[in-house]
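We're numbering straight along the sequence, starting at 1. Both backbone and side-chain heavy atoms feed into the values below; hydrogens, waters and symmetry mates do not. Atoms within each ligand, like the ligands themselves, are counted from 1 in listed order. Keep in mind that what you see is a predicted model, and the values were worked out from it rather than measured.
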Amino acid sequence: MNKRLHIASDHAGVALKDAISRRLAQQGYEMIDHGTHSDASCDYPVFAHALCTAVEQENGRGILICGTGIGMSMAANRHAGIRAALCTTELHARLTRQHNNANVLCLGARMTGDILAQAIVDAFLDTDFEGGRHQRRLDQLSPNA
Ligand code: RB5
(Lines give C-alpha, C1' and ligand atoms only; values in the text may rest on other atoms or scores of the structure.)
Protein backbone atom coordinates (compact mmCIF):
# COMPACT_ATOMS: atom_id res chain seq x y z
CA MET A 1 0.00 0.00 0.00
CA ASN A 2 1.13 3.55 -0.84
CA LYS A 3 2.65 5.20 2.26
CA ARG A 4 1.82 8.77 1.24
CA LEU A 5 -0.85 10.28 3.47
CA HIS A 6 -2.56 13.69 3.65
CA ILE A 7 -3.54 15.18 7.01
CA ALA A 8 -5.25 18.40 8.11
CA SER A 9 -7.12 19.86 11.07
CA ASP A 10 -8.54 23.03 12.51
CA HIS A 11 -7.33 24.57 15.79
CA ALA A 12 -9.33 22.04 17.85
CA GLY A 13 -7.54 19.15 16.19
CA VAL A 14 -4.04 20.50 15.72
CA ALA A 15 -2.43 18.78 18.72
CA LEU A 16 -3.88 15.40 17.74
CA LYS A 17 -2.93 16.00 14.10
CA ASP A 18 0.68 16.67 15.04
CA ALA A 19 0.82 13.61 17.33
CA ILE A 20 -0.64 11.31 14.63
CA SER A 21 1.63 12.82 12.01
CA ARG A 22 4.78 12.35 14.07
CA ARG A 23 3.94 8.72 14.82
CA LEU A 24 3.11 7.82 11.23
CA ALA A 25 6.25 9.57 9.95
CA GLN A 26 8.26 7.39 12.33
CA GLN A 27 6.55 4.37 10.74
CA GLY A 28 7.73 5.45 7.29
CA TYR A 29 4.67 7.35 6.03
CA GLU A 30 5.24 10.40 3.88
CA MET A 31 2.98 12.93 5.62
CA ILE A 32 1.58 15.87 3.64
CA ASP A 33 0.34 18.39 6.21
CA HIS A 34 -2.25 20.86 4.91
CA GLY A 35 -2.44 22.77 8.23
CA THR A 36 -3.53 24.33 10.42
CA HIS A 37 -0.24 24.92 12.17
CA SER A 38 -1.28 26.65 15.39
CA ASP A 39 -4.10 26.64 17.92
CA ALA A 40 -5.36 30.03 16.73
CA SER A 41 -9.05 29.84 15.86
CA CYS A 42 -9.66 29.05 12.19
CA ASP A 43 -12.36 27.69 9.89
CA TYR A 44 -12.33 23.91 9.34
CA PRO A 45 -13.80 23.93 5.78
CA VAL A 46 -10.69 25.69 4.44
CA PHE A 47 -8.53 22.77 5.55
CA ALA A 48 -11.03 20.11 4.57
CA HIS A 49 -11.22 21.44 1.02
CA ALA A 50 -7.43 21.75 0.66
CA LEU A 51 -6.91 18.15 1.75
CA CYS A 52 -9.81 16.74 -0.26
CA THR A 53 -8.68 18.45 -3.45
CA ALA A 54 -5.26 16.83 -3.07
CA VAL A 55 -6.70 13.41 -2.22
CA GLU A 56 -9.00 13.56 -5.26
CA GLN A 57 -6.13 14.58 -7.56
CA GLU A 58 -3.89 11.73 -6.37
CA ASN A 59 -6.54 9.14 -5.70
CA GLY A 60 -4.91 9.10 -2.26
CA ARG A 61 -5.89 8.89 1.38
CA GLY A 62 -6.27 11.45 4.15
CA ILE A 63 -7.11 12.20 7.76
CA LEU A 64 -9.16 15.24 8.86
CA ILE A 65 -9.53 16.31 12.48
CA CYS A 66 -11.72 18.95 14.11
CA GLY A 67 -13.39 19.18 17.52
CA THR A 68 -16.18 16.71 16.80
CA GLY A 69 -15.13 15.41 13.38
CA ILE A 70 -18.59 16.34 12.13
CA GLY A 71 -17.82 19.62 10.36
CA MET A 72 -14.82 18.09 8.61
CA SER A 73 -16.87 15.12 7.43
CA MET A 74 -19.66 17.38 6.13
CA ALA A 75 -17.21 19.53 4.16
CA ALA A 76 -15.25 16.54 2.86
CA ASN A 77 -18.31 14.69 1.59
CA ARG A 78 -19.23 17.65 -0.65
CA HIS A 79 -16.35 16.49 -2.89
CA ALA A 80 -17.50 14.00 -5.51
CA GLY A 81 -14.35 11.89 -5.18
CA ILE A 82 -14.30 11.75 -1.40
CA ARG A 83 -15.83 9.11 0.84
CA ALA A 84 -15.19 10.51 4.31
CA ALA A 85 -16.06 8.56 7.45
CA LEU A 86 -16.24 9.95 10.98
CA CYS A 87 -15.03 7.10 13.17
CA THR A 88 -15.20 6.80 16.95
CA THR A 89 -14.18 3.14 17.24
CA GLU A 90 -11.69 0.81 15.57
CA LEU A 91 -14.66 -1.22 14.28
CA HIS A 92 -16.04 1.82 12.46
CA ALA A 93 -12.64 2.30 10.83
CA ARG A 94 -12.32 -1.34 9.74
CA LEU A 95 -15.86 -1.53 8.40
CA THR A 96 -15.73 1.78 6.55
CA ARG A 97 -12.63 0.54 4.72
CA GLN A 98 -14.08 -2.92 4.01
CA HIS A 99 -17.56 -1.76 2.97
CA ASN A 100 -17.35 1.92 1.99
CA ASN A 101 -13.79 2.15 0.67
CA ALA A 102 -13.49 5.36 2.69
CA ASN A 103 -10.57 7.46 1.50
CA VAL A 104 -10.73 10.09 4.25
CA LEU A 105 -10.85 9.33 7.98
CA CYS A 106 -12.43 12.02 10.18
CA LEU A 107 -11.70 12.22 13.90
CA GLY A 108 -13.09 14.38 16.69
CA ALA A 109 -10.26 15.50 18.92
CA ARG A 110 -12.64 16.69 21.64
CA MET A 111 -14.54 13.39 21.56
CA THR A 112 -11.91 10.70 21.12
CA GLY A 113 -8.84 10.26 23.31
CA ASP A 114 -5.38 10.16 21.77
CA ILE A 115 -4.70 6.45 22.31
CA LEU A 116 -8.04 5.41 20.82
CA ALA A 117 -7.55 7.86 17.94
CA GLN A 118 -4.19 6.29 17.10
CA ALA A 119 -5.77 2.81 17.15
CA ILE A 120 -8.56 4.04 14.84
CA VAL A 121 -5.94 5.43 12.46
CA ASP A 122 -4.09 2.09 12.41
CA ALA A 123 -7.31 0.17 11.68
CA PHE A 124 -8.15 2.60 8.88
CA LEU A 125 -4.72 2.32 7.27
CA ASP A 126 -4.35 -1.44 7.65
CA THR A 127 -7.73 -2.56 6.24
CA ASP A 128 -8.50 -3.20 2.57
CA PHE A 129 -11.74 -2.64 0.64
CA GLU A 130 -13.65 -5.88 0.00
CA GLY A 131 -15.15 -4.84 -3.37
CA GLY A 132 -17.89 -7.04 -4.84
CA ARG A 133 -21.37 -6.09 -3.65
CA HIS A 134 -19.89 -3.12 -1.79
CA GLN A 135 -18.58 -1.61 -5.04
CA ARG A 136 -22.06 -1.93 -6.58
CA ARG A 137 -23.44 0.08 -3.65
CA LEU A 138 -20.72 2.71 -3.87
CA ASP A 139 -21.60 3.15 -7.53
CA GLN A 140 -25.05 4.27 -6.33
CA LEU A 141 -23.87 6.79 -3.72
CA SER A 142 -24.47 9.90 -5.77
CA PRO A 143 -28.08 10.87 -6.49
CA ASN A 144 -29.06 10.17 -10.13
CA ALA A 145 -26.13 7.75 -10.46
C1 RB5 B 1 -14.48 24.52 16.55
O2 RB5 B 1 -14.84 25.19 17.71
C3 RB5 B 1 -15.44 23.40 16.23
O4 RB5 B 1 -16.69 23.91 15.89
C5 RB5 B 1 -14.90 22.53 15.14
O6 RB5 B 1 -13.66 22.04 15.52
C7 RB5 B 1 -15.71 21.31 14.77
O8 RB5 B 1 -16.02 20.55 15.88
C9 RB5 B 1 -16.85 21.51 13.87
O10 RB5 B 1 -17.56 20.56 13.47
Any donor-acceptor N/O pair, Glu56 side chain to Gly81 backbone, under 3.5 Å: yes
Proximal candidate to atom 2 (O) of ligand 1 [heavy atom criterion; set Arg110, Met74, Met72]: Arg110
Among Leu64, Asp33, Asp10, side chain to side chain contact (heavy atoms under 4.5 Å, CB included) partner for Lys17: Asp33
Which segment of Ala12 sits under 4.0 Å of ligand 1 when only heavy atoms are counted: side chain
Flag, side chain of His34 to backbone of Phe47, donor-acceptor distance under 3.5 Å: no
Identity and distance of the protein heavy atom lying nearest atom 5 (C) of ligand 1: Asp10 OD2, 3.2 Å
Gly67: numbered ligand 1 atoms lying under 4.0 Å from its heavy atoms: 5 (C), 6 (O), 7 (C), 8 (O)
Donor-acceptor contact below 3.5 Å, side chain Asn2 vs main chain Arg4: yes
For atom 10 (O) of ligand 1, closest protein heavy-atom neighbour: Gly71 N, 2.9 Å
Donor + acceptor pair across side chains of Gln135, Asp139 (<3.5 Å): yes
Proximal atoms of ligand 1 relative to His11 (non-hydrogen, under 4.0 Å): 1 (C), 2 (O)
Any side-chain heavy-atom pair of Gln98 and His134 under 4.5 Å: no
Asp126 atom CG: more than 12 heavy-atom contacts under 6.0 Å: yes
Ligand-residue contact atoms, ligand 1 with Cys66, heavy atoms, under 4.0 Å: 6 (O), 7 (C), 8 (O), 9 (C), 10 (O)
Minimum-distance protein heavy atom relative to atom 9 (C) of ligand 1: Tyr44 CE2, 3.5 Å
Residue part near ligand 1, for Thr68, under 4.0 Å between non-hydrogen atoms: both
